[in-house]
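This report concerns only the one structure given below.
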Protein chains: 4
Amino acid sequence: MSEERIQQIIEAALAFFAREGFAHARMDDIAKTTGLSKGAIYLYFESKDAIIAAILKVFFRQEMLFMLRREPSPEPIHEQVLDLTQSMVGAIEHMKPFLSIAFEFYAIAGRRKEVRQFLWEYYTDLHAFWWELIQRGIERGEVRAADPDATAMTILAMFEGLALFWLVAPQSLDVPAQAEASMRLILEGLAPHHE
Amino acid sequence: MSEERIQQIIEAALAFFAREGFAHARMDDIAKTTGLSKGAIYLYFESKDAIIAAILKVFFRQEMLFMLRREPSPEPIHEQVLDLTQSMVGAIEHMKPFLSIAFEFYAIAGRRKEVRQFLWEYYTDLHAFWWELIQRGIERGEVRAADPDATAMTILAMFEGLALFWLVAPQSLDVPAQAEASMRLILEGLAPHHE
Amino acid sequence: MSEERIQQIIEAALAFFAREGFAHARMDDIAKTTGLSKGAIYLYFESKDAIIAAILKVFFRQEMLFMLRREPSPEPIHEQVLDLTQSMVGAIEHMKPFLSIAFEFYAIAGRRKEVRQFLWEYYTDLHAFWWELIQRGIERGEVRAADPDATAMTILAMFEGLALFWLVAPQSLDVPAQAEASMRLILEGLAPHHE
Amino acid sequence: MSEERIQQIIEAALAFFAREGFAHARMDDIAKTTGLSKGAIYLYFESKDAIIAAILKVFFRQEMLFMLRREPSPEPIHEQVLDLTQSMVGAIEHMKPFLSIAFEFYAIAGRRKEVRQFLWEYYTDLHAFWWELIQRGIERGEVRAADPDATAMTILAMFEGLALFWLVAPQSLDVPAQAEASMRLILEGLAPHHE
DNA sequence: TATGAATGAGTTTTCATTCAT
DNA sequence: TATGAATGAAAACTCATTCAT
């Protein structure tokens with residue numbers, strides 16, 4: 001019941017924060033969208049910042065749950081990577097309406113240690129996931145002996161950059177195509193016959 | 001004289017916006033830092049938003065001027081790319097204190113068309129620069145016949161992502177090393193003996 | 001309840017606007033007089049101008065309601081006119097403390113079409129009322145065949161002018177006496193045995 | 001030279017006060033229109049209020065100078081009155097662009113004794129003028145033995161009211177025609193064969 | 001739990017006035 | 001005399017938060 005209310009509030013807040021930004025969105029808006037009164041919001045969250053903090057947590061967990069749950073697969077790494085790329089693109093597209101929020105959090109991260117730490121954990125998890133995949137690829141001989149750390153980081157960075165470009169040029173950028181092209185380029189760089 | 005004041009204000013504003021965020025930074029602070037009165041600020045900028053708009057323009061032009069000015073060079077593309085990577089890293093490091101501002105602009109871009117357009121022009125310029133370099137590499141036979149569009153985009157995305165990670169984990173990430181590693185991976189993917 | 005607050009605010013605003021003028025009266029004062037906080041005022045009116053607009057409407061309706069409600073009467077027109085004159089004088093005296101506000105609205109009317117239109121409607125109503133009375137007088141043969149339009153206008157003008165003189169010389173002008181004298185002069189000009 | 005500057009300033013101020021109202025018109029506007037700098041204004045007037053005060057004096061003297069200078073005339077009073085009516089209408093039409101200012105002064109009169117007194121003197125002069133004319137009419141037997149005080153006041157009031165209606169309904173009111181009709185009505189009421 | 005009216009501190013913005021030159 | 005950049009006090013307005021019901 002209480003949990004339900006909290007979800008209601010977070011959803012309403014997400015909508016307004018995405019549309020107006022953290023500073024511009026008003027508690028009034030959130031309350032009205034929730035269908036609750038302004039006072040009621042404060043029964044569940046002690047402040048606007050508390051809502052923002054809650055959203056930070058919700059926001060940076062959803063996206064990758066599907067990935068972190070993947071079982072090790074016997075499929076060729078190459079195929080898995082391309083599959084995952086599609087999934088990532090799907091995830092980015094799914095949260096398109098909220099991308100602005102992500103960048104607002106990044107801005108805040110530059111100023112607040114807790115946010116920085118939280119986000120770093122998130123990226124660490126993602127990184128670990130790709131690291132493992134690459135590592136497996138190396139072990140299986142499907143990937144040349146590249147540095148899996150730096151490679152995973154490169155992949156993550158590429159996805160983040162893509163999300164940014166998509167935010168900035170929603171019409172001009174074919175995200176799935178670009179993501180695939182980028183990933184194929186990286187895969188090419190990882191191909192074992194190079195050595 | 002007037003130009004000088006405008007620079008003063010932009011600098012003070014940059015400092016406070018970086019430290020506090022657009023919403024939190026107060027005109028009072030900016031004025032005080034400038035050494036001017038609050039009223040004087042309004043002689044040069046008609047509103048806080050006008051200052052932010054001015055900063056947008058200053059901010060996303062500085063970084064790449066050095067690049068766009070480069071003459072075509074006979075050096076091997078491979079060397080040029082690694083050189084440029086160092087320059088980019090230098091630029092990112094140089095504007096480290098203001099990275100938060102960049103991300104705040106990205107968030108705003110998601111909500112305001114003019115900002116989106118301005119940023120897109122910026123990225124278009126950068127993209128054209130890399131595109132040309134790659135194209136030249138292909139013509140010279142130093143790079144395989146990859147899609148220069150997608151490749152340039154990949155490079156840009158990678159740099160943006162790196163900046164983000166650095167903001168989030170200033171201690172944990174060795175930016176120059178990571179940038180070089182990422183770029184070498186991409187270069188590997190572009191190596192001509194692949195075909 | 002809400003209606004009650006609105007009345008409270010309008011009353012407080014009237015008092016301060018009358019005393020200080022629209023420009024000088026401060027929202028703070030109005031709030032304090034109401035017993036409300038400044039913020040509360042903004043729950044009911046979105047701006048100072050909105051309060052002024054509301055007052056315009058309240059102000060130019062009260063005065064004449066009593067007149068417009070009058071049933072056609074069999075009394076001699078002559079008597080009716082003198083009765084009405086007294087009522088008008090009563091109305092003017094009643095709103096004496098707020099006369100300044102009326103003139104501020106007239107000044108604004110010169111600059112803003114909507115105000116002009118609103119006031120013109122008000123005068124049109126008043127005009128219609130006197131027009132009808134005069135017309136009835138003509139029909140009954142108690143008034144000579146004068147132009148009822150111009151006559152009604154003359155009467156209204158005379159009252160407005162009187163209000164102005166009273167504002168300017170509250171001590172020197174005996175309004176009831178002057179109003180009666182003016183009206184008797186006009187009635188004389190309307191007497192039927194002239195023709 | 002100094003006098004010239006003062007005139008310049010008063011004219012510029014008149015223009016802006018008429019257009020924007022006393023409160024809205026800014027010293028900046030006035031200065032710019034004058035062609036002088038803001039600082040220079042303060043060499044000639046010690047404050048905005050001082051300019052307003054100067055305008056009050058200029059404003060309420062121009063209009064009637066032509067009248068007060070009139071020599072007693074042998075013409076029939078009836079004719080003289082209609083002539084004067086035309087002159088008054090001309091005067092009103094002439095200062096049409098500044099009528100708003102007049103009403104702003106009336107509003108201020110309600111709040112400030114000096115303004116009240118100044119205006120009262122002005123009206124007293126005008127009143128005296130009409131009083132004399134009527135008195136002469138009575139003496140000459142061209143006007144019945146009406147109260148010249150009340151009559152003069154009625155005439156003045158009528159003109160003020162007309163000016164107001166014209167401000168409020170510049171299109172709908174034919175001022176010359178209405179003024180003549182109103183005056184004829186009053187003249188009718190003053191006709192000697194009544195007694 | 002829930003309401004929503006009320007608060008009041010905090011911010012932007014305005015502009016008459018000053019003053020160094 | 002004249003300038004116009006600078007001041008700073010004032011005022012409108014905002015909105016997260018509280019609290020009586």
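In what follows, chains carry the letters A, B, and so on, assigned in the order in which the sequence lines appear, proteins first and then strands, with residues in each chain numbered from 1.
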Counting only N and O atoms by type, is there a donor-acceptor contact under 3.5 Å from the side chain of D:Lys48 to the main-chain atoms of D:Phe22?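 Answer holds: yes.
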Do any N or O atoms from the side chain of A:Arg111 and from the backbone of B:Ala18 form a donor-acceptor pair under 3.5 angstrom?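 It does hold such a pair.
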Residues A:Tyr123 and A:Glu160: side-chain donor-acceptor under 3.5 angstrom: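 A:Glu160 and A:Tyr123 do have a side-chain donor-acceptor pair below 3.5 Å.
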Calculate the interatomic distance between [X] atom [atom1] and [N] atom [atom2]; express it in whole Å.
X       : N      : atom1 : atom2 : answer
B:Glu20 : E:dT11 : CD    : P     : 10 Å
C:Phe16 : F:dA11 : CZ    : P     : 12 Å
B:Phe45 : E:dT14 : CZ    : C1'   : 18 Å
C:Ile51 : F:dA11 : CD1   : P     : 15 Å
A:Ile9  : F:dA16 : CD1   : P     : 15 Å
D:Leu43 : E:dC19 : CG    : C1'   : 12 Å
C:Asp49 : F:dA12 : CG    : P     : 11 Å
C:Lys48 : E:dT13 : NZ    : P     : 19 Å

Quick one: sort the D:Tyr106 and D:Phe60 rings into parallel, tilted or perpendicular, breaks at 30° and 60°.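 It falls in the tilted class, 30° to 60°.
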Look at the rings of B:Phe103 and A:Phe103 and say which category their plane angle falls in: under 30° parallel, 30 to 60° tilted, over 60° perpendicular. parallel
For DNA chain E, determine which residues of residues 22-40 of chain B have any heavy atom closer than 4.0 angstrom to one of its atoms, and list them numerically.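 Here the set is B:Ala25, B:Arg26, B:Met27, B:Lys38, B:Gly39.
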Taking distance alone, no hydrogens or angles, what donor-acceptor pairs closer than 3.5 Å link side-chain atoms of residues 27-36 of chain C to residues at least two apart or in another chain?
{"residue": "C:Asp29", "atom": "OD2", "partner": "C:Arg26", "partner atom": "NH1", "Å": "3.2"}
{"residue": "C:Thr33", "atom": "OG1", "partner": "C:Asp29", "partner atom": "O", "Å": "2.9"}
{"residue": "C:Thr34", "atom": "OG1", "partner": "C:Ile30", "partner atom": "O", "Å": "2.5"}

Given the side-chain rings of C:Phe59 and C:Tyr122, with only the six-membered ring counted for Trp, is the space between their centroids under 6.0 Å? no
Salt bridge between B:Glu121 and B:Arg116, side-chain N to carboxylate O under 4.0 Å?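 No, this pair does not count.
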If only side-chain N and O atoms of A:Arg5 are considered, is one of them under 4.0 Å from the OP1 or OP2 phosphate oxygen of E:dT1?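 Negative; the distance criterion is not met.
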Tell me whether the side-chain N/O atoms of D:Tyr42 come closer than 4.0 Å to OP1 or OP2 in F:dA2.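 Indeed not, no polar side-chain atom of D:Tyr42 lies that close.
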The side chain of C:Tyr44 is closest to which nucleotide in this list: E:dA5, F:dA6, E:dT1?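 Closest nucleotide to the C:Tyr44 side chain: E:dA5.
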Geometric cation-pi criterion, C:Lys57 with C:Phe118: 6.0 Å, 45°: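 Satisfied, under 6.0 Å and within 45°.
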5′-ward residue of the pair B:Glu46/A:Ile41 relative to DNA chain E: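 First, find each residue's nearest nucleotide; the 5'-ward one identifies A:Ile41.
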Per the end-axis method with five pairs at each terminus, what is the bend angle of the helix from E:dA2-F:dT21 to E:dT21-F:dA2, to 10°?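 Result, rounded to 10 degrees: 10°.
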